[in-house]
Amino acid sequence: MSQPAARPADEPIRVGVIGARGRMGSEVCRAVDAAPDMDLVAMASSGDWLFNIADAGAEVVVDFTHPDVVMDNVRFCVDQGIHCVVGTSGFDAERLATVRSWLEHKPQLGVLVAPNFAIGAVLSMKFAEMAARFYESVEIIELHHARKADAPSGTAARTAELVAQARAEAKMEPCPDATTHQAPGARGAELDGVRVHSVRLSGLVAHQEVLFGTEGETLTLRHDSLDRKSFMPGVLLGVRELLTHPGLTVGLEAFLGLDRP
Ligand SMILES: NC(=O)C1=CN([C@@H]2O[C@H](COP(=O)(O)OP(=O)(O)OC[C@H]3O[C@@H](n4cnc5c(N)ncnc54)[C@H](OP(=O)(O)O)[C@@H]3O)[C@@H](O)[C@H]2O)C=CC1
Ligand SMILES: O=C(O)C1=N[C@H](C(=O)O)C[C@H](O)C1
């Protein structure tokens with residue numbers, strides 16, 4: 001089984017992109033191309049042979065594909081000893097545990113799974129986690145472009161998970177909700193006890209509101225990605241940091257120093 005080779009620090013990082021023709025993948029190719037410390041050595045699209053990426057000597061792969069195929073791509077990278085930055089959505093606890101198990105025998109290899117690479121989205125998730133214990137009610141509204149394949153978004157699922165953990169630690173009751181009559185879906189999906197509503201609208205990119213409420217006040221945390229360029233600094237940071245962060249990292253927080261109190 002391959003391990004990543006020791007690398008000279010002053011050489012550009014050799015990066016491959018899977019999903020290179022997609023909305024995110026094409027933006028990543030442009031960002032990597034423009035980064036002075038990176039070389040874009042391989043681009044794979046659906047139907048392409050992934051071994052081209054290994055043959056090109058990629059050290060780090062960036063994956064923006066589809067929840068149905070991403071696990072095969074990560075498995076390929078781990079088998080080939082290539083670090084992997086994963087932006088594709090669809091990761092639950094079971095998938096993360098599987099990736100962790102693949103990495104057990106690869107002590108030098110890193111995989112980053114980040115539900116959202118935009119700094120404001122990462123901060124918003126952090127702020128939601130902080131606010132959760134102070135408000136009896138919370139609901140999430142995520143709003144995306146109409147071509148998005150999955151609902152709810154990976155960001156909303158992660159936000160719900162973080163909020164639910166904070167509420168459980170504070171031993172809070174379920175959110176109050178007296179609804180007894182409703183049209184199917186009117187109250188959204190329930191994730192970890194948190195209601196999540198998904199809007200799909202042409203013209204949007206990626207947006208989220210976390211609504212908190214308690215006696216006499218509400219707090220709304222809103223983040224808007226208005227352009228896919230908003231994700232690029234985070235993706236490039238992930239590529240650089242993975243070289244020195246073996247194992248599975250979930251979320252960009254650790255690479256931004258936001259995992260510390
Ligand atoms: N973490 C983050 O910050 C962000 C995450 N995302 C996530 O990234 C993913 C992609 O989003 P987006 O770029 O909008 O989607 P797109 O549909 O625009 O792009 C996905 C691309 O992946 C290609 N693809 C599908 N299967 C394979 C495969 N087996 N091997 C190689 N390429 C493949 C598709 O090709 P084809 O069209 O030919 O099938 C398509 O070009 C989604 O899960 C989305 O939620 C999006 C934005 C930010
Ligand atoms: O599909 C998208 O566009 C996005 N997907 C990610 C998600 O599902 O959370 C990140 C961001 O919201 C954009």
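Residue indices begin at 1 and follow the sequence shown. As the structure lists them, so they are numbered: ligands from 1, and atoms in each ligand from 1.
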Min N/O separation [X] to ligand 1 under 3.5 Å:
{"X": "S89", "value": "yes"}
{"X": "M24", "value": "yes"}
{"X": "A118", "value": "no"}

(message) For atom 17 (O) of ligand 1, what is the closest protein heavy atom, and at what distance to 0.1 Å?
(response)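 Of the protein heavy atoms, R23 NH2, 3.5 Å lies nearest.
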
May I ask you to identify, for [X], whether its side chain, its backbone, both or neither come under 4.0 Å of ligand 2 on a heavy-atom basis?
{"X": "S89", "result": "side chain"}
{"X": "T155", "result": "both"}
{"X": "H145", "result": "side chain"}

(request) Specify side chain, backbone, both or neither for A114, according to which of its non-hydrogen atoms lie closer than 4.0 Å to ligand 1. (result)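 For A114, only backbone atoms sit under 4.0 Å from ligand 1.
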
(request) Give the contacting part of T65 toward ligand 1: side chain, backbone, both or neither, where contact means a heavy-atom distance below 4.0 Å. (result)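 Contact part for T65 vs ligand 1: both backbone and side chain.
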
(request) Scan the protein's non-hydrogen atoms and note whether one is under 4.0 Å from atom 15 (O) of ligand 1. (result)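 Within 4.0 Å: yes, protein heavy atom nearby.
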
(request) For the pair E142 and R200, find out whether any cationic side-chain nitrogen is under 4.0 Å from an anionic carboxylate oxygen. (result)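 A salt bridge links E142 with R200.
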
(request) Report the member of A151, P152, P115 with the shortest heavy-atom distance to atom 10 (C) of ligand 2. (result)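 Comparing heavy atoms across A151, P152, P115, the nearest one to atom 10 (C) of ligand 2 lies in P115.
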
